[in-house]
Every structure is written in structure tokens, then in C-alpha cells.
Amino acid sequence: MLLLITGGSASGKSEFAEQVAVSMPHEQLIYLATMQPFDEECLKRIARHQAMRATKQFSTIECFTGLKKVCIPKNSTVLLECMSNLVANELYHPDGCHDAVVQEIIKGIQQIGQQAKHLIIVSNEVFSDGVIYDEDIRKYLSILGEINVQLGKLADTVIEVVYSIPVVQKGNLPCD
């Protein structure tokens, strides 16, 4: 099962995704962490997410780039947190795939989806703020948007979290 969870910043999507992950049948819980600790703010966010999952028995795999190289145990439930970080890493990091971001990430998602029993992907909804950005940020947003569209098509279920309320856009809540 492929589940895409989107929402704005601080919408509650990460907490919801973790609740879904632990509620699904699994032999192992895997947390694919994509945030690189560049600064103090990143370190605080990483620490907050680690604290949220501390008692939930996740095994963490750091994956800043190269998603298609990750090997996942069969029958595991995987939570990939967060697509927006992975896109930025692939686009801007020296080890990233740069212009092949969309193809490489989708290929990686498909490979992990074949290995895992359940794959839950968290992504940001970043297109409703109405702010005008420079060309580089518009390129990033366009790539993230294209990936979100493709993931939405591939996903069995798509949920947008709004003010901590899950709104099903496609499929059914996993607990239904």
C-alpha cells in the first residue's frame, strides 16, 4: 500500500503519519529520514521528530539522496519523512541527481514500494501561500509539485492534513 500524506507546515501531518504507520500490520517499522542537519533550526526539528517516535520502535535510515539505493526488509512499514527535504537534497546537494530529480525519486519510490508492505510518504503542500518567489525557488516548487502529482497518481490513498484533521482526497483512511 502506498499512502501519500500532505499538508502545510506545522499542520500535524508528521504526527498523523506516525500514528498511521504504527497502526498498520508490519514486521518492522522503518523511518526514512531525509532532513540534513544544516543549522540549529534543522537540529531542533530533527530532535522534535525523534522525540515523537522515540517509543514507537522505528528503525531509522538516513537517506539524504539516492533513494533508489535503499534496501528495505520485506513486510516492513516505511515512513518517508519528508519529500520536500529529499527534493531539495537531490536538487542542490553535490551528491544529488540535480536535473533528473523527478525520475530518480519516482524510481526510488517504486523500488521501495516493491520491497515494503506499506509505504507512507509525507510531503508539503506549498502552493497556496500566494507569495512570488525567485526563479530558483520556483524551479524547486515546480519539481516538488510534479512529484506530488505523480505520487498522488501512484498512491492507493492520499490524505491532506489540515489543522491536524485528516481529509481523504483519494482512497480510504487506512484504519477504515
Side-chain angles (χ1 to χ4, degrees), residues 1-11 13-14 16-18 20-21 30-39 42 45-46 49 60-73 76-162 166-171 174:
M1 170 186 222
L2 176 58
L3 173 64
L4 174 62
I5 299 174
T6 68
S9 179
S11 64
K13 63 188 175 295
S14 296
F16 177 74
E18 287 182 17
V20 169
I30 307 289
Y31 188 96
L32 274 177
T34 63
M35 181 177 273
Q36 292 187 20
F38 289 116
D39 58 19
C42 290
R45 186 175 234 171
I46 289 168
H49 282 216
T60 300
I61 298 174
E62 302 287 342
C63 181
F64 306 132
T65 60
L67 187 61
K68 68 182 183 181
K69 297 174 188 170
V70 174
C71 292
I72 300 296
S76 58
T77 293
V78 176
L79 173 56
L80 189 156
E81 171 81 30
C82 164
M83 186 55 61
S84 58
N85 290 327
L86 185 60
V87 169
N89 297 343
E90 291 289 7
L91 192 56
Y92 302 115
H93 192 274
D95 294 336
C97 59
H98 309 288
D99 291 334
V101 174
V102 175
Q103 301 88 328
E104 290 298 307
I105 287 178
I106 295 300
K107 191 181 296 183
I109 293 295
Q110 290 170 328
Q111 289 177 352
I112 290 172
Q114 291 171 355
Q115 298 171 57
K117 184 171 186 158
H118 304 289
L119 174 55
I120 302 162
I121 301 169
V122 176
S123 191
N124 283 309
E125 195 294 304
V126 293
F127 304 102
S128 59
D129 62 9
V131 175
I132 298 174
Y133 295 106
D134 66 33
E135 184 177 334
D136 203 37
I137 298 297
R138 284 196 312 268
K139 177 181 178 182
Y140 164 78
L141 292 174
S142 176
I143 290 169
L144 179 59
E146 185 176 345
I147 289 171
N148 284 348
V149 167
Q150 288 194 35
L151 291 176
K153 290 177 183 177
L154 292 171
D156 300 294
T157 301
V158 177
I159 298 172
E160 180 181 9
V161 178
V162 182
V167 179
V168 177
Q169 302 293 342
K170 176 183 176 183

| task | Might you work through the side chain to side chain contact (heavy atoms under 4.5 Å, CB included) test for L80 and I109, ending with a clear yes or no? | result | CA-CA 9 Å; L80 189 156; I109 293 295; 3.9 Å; yes

| task | Would you check, one step at a time, whether the test side chain to side chain contact (heavy atoms under 4.5 Å, CB included) holds for T6 with M83? | result | CA-CA 10 Å; T6 68; M83 186 55 61; over 6 Å; no

| When you look at M1 and T157, which way does the side chain to side chain contact (heavy atoms under 4.5 Å, CB included) test go after all the steps? | CA-CA 8 Å; M1 170 186 222; T157 301; 3.5 Å; yes

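The salt bridge (Lys or Arg N to Asp or Glu O under 4.0 Å) contacts involving residues 85-99 comprise D99-K139, where partners must be two or more places apart or lie in separate chains. Annotation: side-chain hydrogen bond (donor to acceptor under 3.5 Å, both in side chains) contacts involving residues 76-88, sequence neighbours excluded, comprise S14-E81, S84-N124.
With contacts defined as side-chain heavy-atom distances shorter than 4.5 Å, the pair Q36/N89 qualifies. Residues C82 and M35 fail the side-chain proximity criterion, which asks for heavy atoms closer than 4.5 Å. In this structure, the side chains of I106 and L151 come closer than 4.5 Å at one or more pairs of heavy atoms. Inter-residue side-chain proximity for V167 and Q169 is flagged as met; some heavy-atom pair is nearer than 4.5 Å. Taking the side chain as every heavy atom from C-beta outward, Q110 and L154 approach each other to under 4.5 Å. Under the 4.5 Å side-chain criterion, counting only non-hydrogen atoms from C-beta, E104 is not in contact with L67. A heavy-atom distance below 4.5 Å is found between the side chains of I72 and I61. The shortest distance between side-chain heavy atoms of C97 and I105 does not fall below 4.5 Å.
For I137 against D134, the heavy-atom pair with the smallest separation is N-OD1, 2.9 Å. Here the shortest heavy-atom pairing between L4 and G152 reads CD2-N, 3.8 Å. Considering all non-hydrogen atoms of both residues, L86 and F64 come closest at CD1-O, 3.5 Å.
To the nearest 0.5 angstrom, Q103 atom CD is 9.0 Å from I147 atom CD1. We find the CG-CG distance between L91 and D136 to be 7.0 Å, quoted to the nearest 0.5 Å. Distance check: T65 OG1 to H98 NE2 gives 9.0 Å after rounding to the nearest 0.5 Å. K170 contributes atom NZ, which lies 7.0 Å from atom CG of D156 (distance to the nearest 0.5 angstrom).
Here the rule is side-chain contact (heavy atoms from CB on, under 4.5 Å) with L2, and of I120, L119, V158 only L119 fits it.
Between the side chain of K69 and the main chain of C63, no donor-acceptor pair closer than 3.5 Å is present.
Under the rule for a salt bridge (Lys or Arg N to Asp or Glu O under 4.0 Å), the partners of E18 that lie at least two apart in sequence or sit in another chain are K56.
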